[in-house]
There are 2 protein chains.
Amino acid sequence: MAVKTTRKIRDADATQARILAAAKKEFAKNGLGGARVDEIADRAKANKRMIYHYFGNKEDLFRIVLEEAYTDIRTAEQALELEHLPARDALEKLIRFTWEYYLKNPEFITLVNSENLHKARHLKKSGKIEILFKRFVGMVGALLDRGVEEGVFRPGIDPVQLNITIAAIGYYYLTNRFTGSLVFQRDLMAPEALEERLAFNIETIMRMVCVNP
Amino acid sequence: MAVKTTRKIRDADATQARILAAAKKEFAKNGLGGARVDEIADRAKANKRMIYHYFGNKEDLFRIVLEEAYTDIRTAEQALELEHLPARDALEKLIRFTWEYYLKNPEFITLVNSENLHKARHLKKSGKIEILFKRFVGMVGALLDRGVEEGVFRPGIDPVQLNITIAAIGYYYLTNRFTGSLVFQRDLMAPEALEERLAFNIETIMRMVCVNP
DNA sequence: CACACAACGCACTAACTAGTTACTTTCTTG
DNA sequence: CAAGAAAGTAACTAGTTAGTGCGTTGTGTG
């Protein structure tokens, strides 16, 4: 009986990518403290030794996963091209996008929570995050200005406060969906509940920003 | 040389209270997974054995700390006596209270985050939390109804959605204050920043709820 | 093809950690 | 005041975990 031993293909990039994907899952599921390096290696079908070879140590790996997560959401935001829409439509699109991104990428929320538990000490060492956000705040600032020119937005709204609020009303609902479903005795993740929440959020922001909501 | 050995005073209640206070701090600082039972014992100036004697195990201790935290905030809310104020003033008082409670009790936020990371599995075993919240949602529902009667609030607002939003706009800002201060390049915890945020939050809710904001 | 380097894997360690065992000290009550 | 119950302690165990030393295997290049 001729046994065909499957030849091991070596691919550093693919291994690193598998490790990063596995690390993202594990960190999101259990937080930095609860995550297990062995579990990441297993999930990635890689040897634990490779994690230390490519990424240094557990905390550095966490930092890189976090940087990737931030880069991903900001990249997706840039792709919205809000400049090409009337200000009102652009704002609604941004609210919908933020909600749907959190919904489809729940690990983003958990990673950010974990980083804040650690007082953002990994992100502090990063450096390349600030630029991403500067551009983003600028984008929302420009949108607000344009809306004022069009006569549909109230003047004087701080783009940072608005950004925070748009994120908050989606983020809080989703990150606390487990305790929330318990204490309010309704399934916050039921499709109708999600729709209802998005509508409520759009109305909240529109009433805050628009001249005639 | 006569050594006066300080007589050890025994007080089960006091020891339990010290353990609970220490556990709250440690769980809030490091999450359930990151918290160390030895550290809790040290902080409480108690022997680790006492923790297991009084509270069973680490997870049960976490559950009790969490129950206490929820009971504390709901008790403080009951004490607001919103019924005795005009609806508009009552709503503003509730927004201010929520913000200030989170600000003064940051461990509440971290405990809730940690519980949601674990899909609320400790609170599920509790049972006595639902009643607390039922009363709270009822209170806000009554306030909304009264505001409609007074002609100051819009009708048809869901008290649960409103509750969630009032919590969200404060909670998100504070739980993500570390990454937030980094990415927005401003100190979100500076006194002026906190005042500004509270004002923004009050305006957000008032515009959502009131007929003439 | 040979050789050097990069990718990969095994098995180990040193430190840590939740929980326990076996004991001493203090308090309470018949 | 004796004796048992309750409060408290120290040292230990069994299992876990981040990180590593060192050897093996595949691969691109001269």
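Please read these numbers as outputs of a predicted model, since none were measured by experiment. A note on names: the letters A, B, ... follow the listed sequences, proteins ahead of strands, and every chain is numbered from 1.
- When rounded to the nearest whole Å, the span between CZ of Phe62(B) and P of dA18(C) equals 14 Å.
- Atom P of nucleotide dA18(D) and atom CE of Met50(A) are separated by 18 Å, given to the nearest angstrom.
- Atom C1' of nucleotide dG19(D) and atom CZ of Phe55(A) are separated by 16 Å, given to the nearest angstrom.
- The distance from atom CG of Asp13(B) to atom P of dC27(C) is 15 Å, rounded to the nearest whole Å.
- Straight-line distance from the CD1 atom of Ile9(A) to the C1' atom of dA7(C): 13 Å, rounded to whole Å.
- Taking 4.0 Å as the cut-off between side-chain N and carboxylate O, Glu68(B) and Lys24(B) do not count as a salt-bridged pair.
- Put simply, the side chain of Lys48(A) and the base of dG9(C) share no donor and acceptor less than 3.5 Å apart.
- Every residue was checked against the side-chain hydrogen bond (donor to acceptor under 3.5 Å, both in side chains) condition with Asn163(B), not counting sequence neighbours, and none meets it.
- Following rounding to the nearest Å, Asp11(B) (CG) and dT28(C) (C1') show an atom-to-atom distance of 15 Å.
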key: Verdict with reasoning, Phe108(A) to Tyr70(A), per ring-ring contact (aromatic ring centres under 6.0 Å, His included)   = CA-CA 8 Å; Phe108(A) 177 78; Tyr70(A) 271 111; 5.6 Å; yes
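- Of the candidates dG19(D), dA7(D), dA6(C), dG19(D) carries the atom nearest the Tyr52(A) side chain, counting heavy atoms from C-beta on.
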request  = I would like to know whether Phe62(B) and Glu115(B) meet side chain to side chain contact (heavy atoms under 4.5 Å, CB included); could you show each step before the answer?
outcome  = CA-CA 9 Å; Phe62(B) 182 77; Glu115(B) 177 65 354; 3.3 Å; yes
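- As rounded to whole Å, 15 Å separates atom P of dT21(C) from atom CG of Asn47(B).
- Rounding to whole angstrom units, OH of residue Tyr54(A) and P of dG9(C) are separated by 10 Å.
- Rounding to the nearest 0.5 Å places CZ of Arg63(A) at 10.5 Å from CZ of Phe55(A).
- Side-chain proximity of Arg49(B) to the nucleotides dG19(C), dT20(C), dA6(C) is greatest for dT20(C).
- For DNA chain C, the residues of residues 15-39 of chain B within the heavy-atom distance limit of 4.0 Å (strictly under) are Ala35(B), Arg36(B), Val37(B), sorted by number.
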Pair Leu144(B)-Val209(B), side chain to side chain contact (heavy atoms under 4.5 Å, CB included): steps then yes or no = CA-CA 9 Å; Leu144(B) 281 173; Val209(B) 174; 4.0 Å; yes
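- Salt bridge status for Arg121(B) with Glu59(B): present, with a side-chain N to carboxylate O gap under 4.0 Å.
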